[in-house]
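This report concerns only the one structure given below.
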Amino acid sequence: MTCAIGGTTACQEKDLFNLKGEEYEEFAIVGVKYPVRLFRYAAPLFGIVSQGAHLTAYVRTSSGLKIWVPRRSPTISTFPNKLDSTVAGGVSAEDTPFDTIIREAYEEASLPEDITRRDVQSVGVLTYIQGEVGRLFKPDMGHVYDMEVTEDIIPKPHDDEVKEFYLMTPDEIKKALLRKEFKTNSAAVMIDFFIRHGIITAENERDYPEMNMRLHRTLPFATAPRL
């Protein structure tokens, strides 16, 4: 392989796997007995499972449940202008998924740390394989969190990753999903939210069993150390 000498940096320079623009943040490798790290962008090169954390913030209004949905910045290197989870981020080597949510909630949405710590709820883990990423397949674990907020809590962009926030109804989100407006893994998170909150049910969705199974695949990679 031409990029073996010089490692993944050479791969980037040659643009062999479309890795340009990906973060140099260090991730912990899951499924190993001892602490090992690698750059986030390199995980798909070695069949290593990436970890992310997603928070869905929602409001119960007089007209029904609504969800805060951000639109990503047009200048961000990945999925520009796509709709996203209320808050999301990769789980770096130094952080837990919960730490990631607390940090990203402030950095991306200006949500006060005390409110997030008090109200956020861990609601599960999604396991899936994303489609081709620079001619590679990317296995992922998505740690999922919900947070019900009051109508006076309004997320606002704090960094350059988010353009703006919308308070959307489930029907509006469904239409956006069908138009493929959402970032890929955030679409999966939103569908999971709809299933858990009874918006998508076996009675109104023909593919309900298939949806559930695809959101919780058994990954053919290590996700925990072997005993």
Side-chain angles (χ1 to χ4, degrees), residues 30 49-72 79 82-91 96-105 108-109 111 115-131 138-151 153-155 165-219 223-224:
V30 298
V49 179
S50 295
Q51 291 191 90
H54 293 253
L55 169 65
T56 303
Y58 64 98
V59 187
R60 297 187 189 277
T61 72
S62 57
S63 57
L65 183 145
K66 296 183 180 180
I67 300 166
W68 283 108
V69 177
R71 186 173 296 281
R72 293 165 67 83
F79 300 97
K82 289 289 190 179
L83 299 179
D84 206 345
S85 302
T86 313
V87 170
V91 181
T96 65
F98 181 78
D99 293 332
T100 300
I101 290 298
I102 298 300
R103 183 188 69 247
E104 298 290 349
E108 293 184 357
L111 294 173
I115 292 176
T116 308
R117 285 188 178 277
R118 183 191 68 198
D119 295 338
V120 71
Q121 294 185 329
S122 173
V123 291
V125 180
L126 305 184
T127 51
Y128 49 87
I129 298 179
Q130 292 196 50
K138 186 170 180 286
D140 264 351
M141 293 169 55
H143 299 265
V144 184
Y145 295 81
D146 283 358
M147 185 168 73
E148 182 175 354
V149 297
T150 54
E151 292 185 71
I153 301 296
I154 301 175
F165 282 89
Y166 312 117
L167 189 59
M168 300 177 68
T169 66
D171 282 344
E172 290 172 330
I173 291 172
K174 285 180 182 179
K175 292 175 183 177
L177 287 167
L178 290 172
R179 292 193 298 264
K180 299 184 179 180
E181 286 191 51
F182 272 84
K183 182 172 176 278
T184 310
N185 58 357
S186 300
V189 170
M190 193 57 65
I191 291 168
D192 174 70
F193 180 91
F194 282 179
I195 290 171
R196 290 186 289 100
H197 287 261
I199 297 168
I200 294 176
T201 67
E203 287 68 40
N204 64 26
E205 174 52 59
R206 180 192 61 187
D207 295 324
Y208 182 78
E210 185 74 8
M211 283 182 170
N212 278 276
M213 288 185 284
R214 285 177 179 250
L215 291 171
H216 302 93
R217 290 183 179 274
T218 299
L219 299 178
T223 55

I would like to know whether Val120 and Phe98 meet side-chain contact (heavy atoms from CB on, under 4.5 Å); could you show each step before the answer? CA-CA 9 Å; Val120 71; Phe98 181 78; 3.3 Å; yes
How far apart are the closest heavy atoms of [X] and [Y], and which atoms are they?
X: Pro97; Y: Tyr145; result: CB-OH, 3.5 Å
X: Pro70; Y: Ser85; result: CG-O, 3.0 Å
X: Met168; Y: Ala176; result: CE-CB, 4.4 Å
X: Arg196; Y: Val144; result: NH2-CG1, 3.8 Å
X: Thr100; Y: Val91; result: OG1-CA, 3.6 Å
X: Glu151; Y: Ile154; result: O-CG1, 4.0 Å

Among Phe194, Trp68, Phe193, whose ring pair (Phe, Tyr, Trp, His ring centres under 6.0 Å) with Tyr58 holds? Phe193
Taking atom [atom1] of [X] and atom [atom2] of [Y], what is their separation to the nearest 0.5 Å?
X: Met190; Y: Ile173; atom1: CE; atom2: CD1; result: 4.5 Å
X: Leu126; Y: Arg217; atom1: CG; atom2: CZ; result: 12.5 Å
X: Leu83; Y: Arg71; atom1: CG; atom2: CZ; result: 4.5 Å
X: Leu55; Y: Glu108; atom1: CG; atom2: CD; result: 10.0 Å
X: Lys66; Y: Tyr166; atom1: NZ; atom2: OH; result: 15.5 Å
X: Ile200; Y: Met211; atom1: CD1; atom2: CE; result: 4.5 Å

Member of Asp146, Val87, Asp192 meeting the side-chain contact (heavy atoms from CB on, under 4.5 Å) criterion with Thr56: Asp146
Would you indicate whether the side-chain heavy atoms of [Y] and [X] approach each other to under 4.5 Å?
X: Lys174; Y: Ile199; value: yes
X: Asp84; Y: Phe79; value: no
X: Leu219; Y: Met141; value: yes
X: Met147; Y: Leu111; value: yes
X: Val69; Y: Glu172; value: no

Do any N or O atoms from the side chain of Lys82 and from the backbone of Lys180 form a donor-acceptor pair under 3.5 angstrom? yes
Short question: side chain of Thr86, backbone of Ala57 - any donor-acceptor pair under 3.5 Å? yes
In chain order, what residues pass the salt bridge (Lys or Arg N to Asp or Glu O under 4.0 Å) check against Glu148, with sequence neighbours excluded? Arg60
Salt bridge or not for Asp99 and Arg103, using N-O below 4.0 Å? no
Carboxylate-amine/guanidinium proximity below 4.0 Å for Glu181 and Lys175: no
Any pair with a residue in residues 115-128 that passes side-chain hydrogen bond (donor to acceptor under 3.5 Å, both in side chains), sequence neighbours left out, goes on the list, sorted by first then second residue, please. Glu113-Arg117
Within a reach of under 6.0 Å around CZ of Arg179, are more than 12 heavy atoms found that belong to other residues, nucleotides or ligands? yes
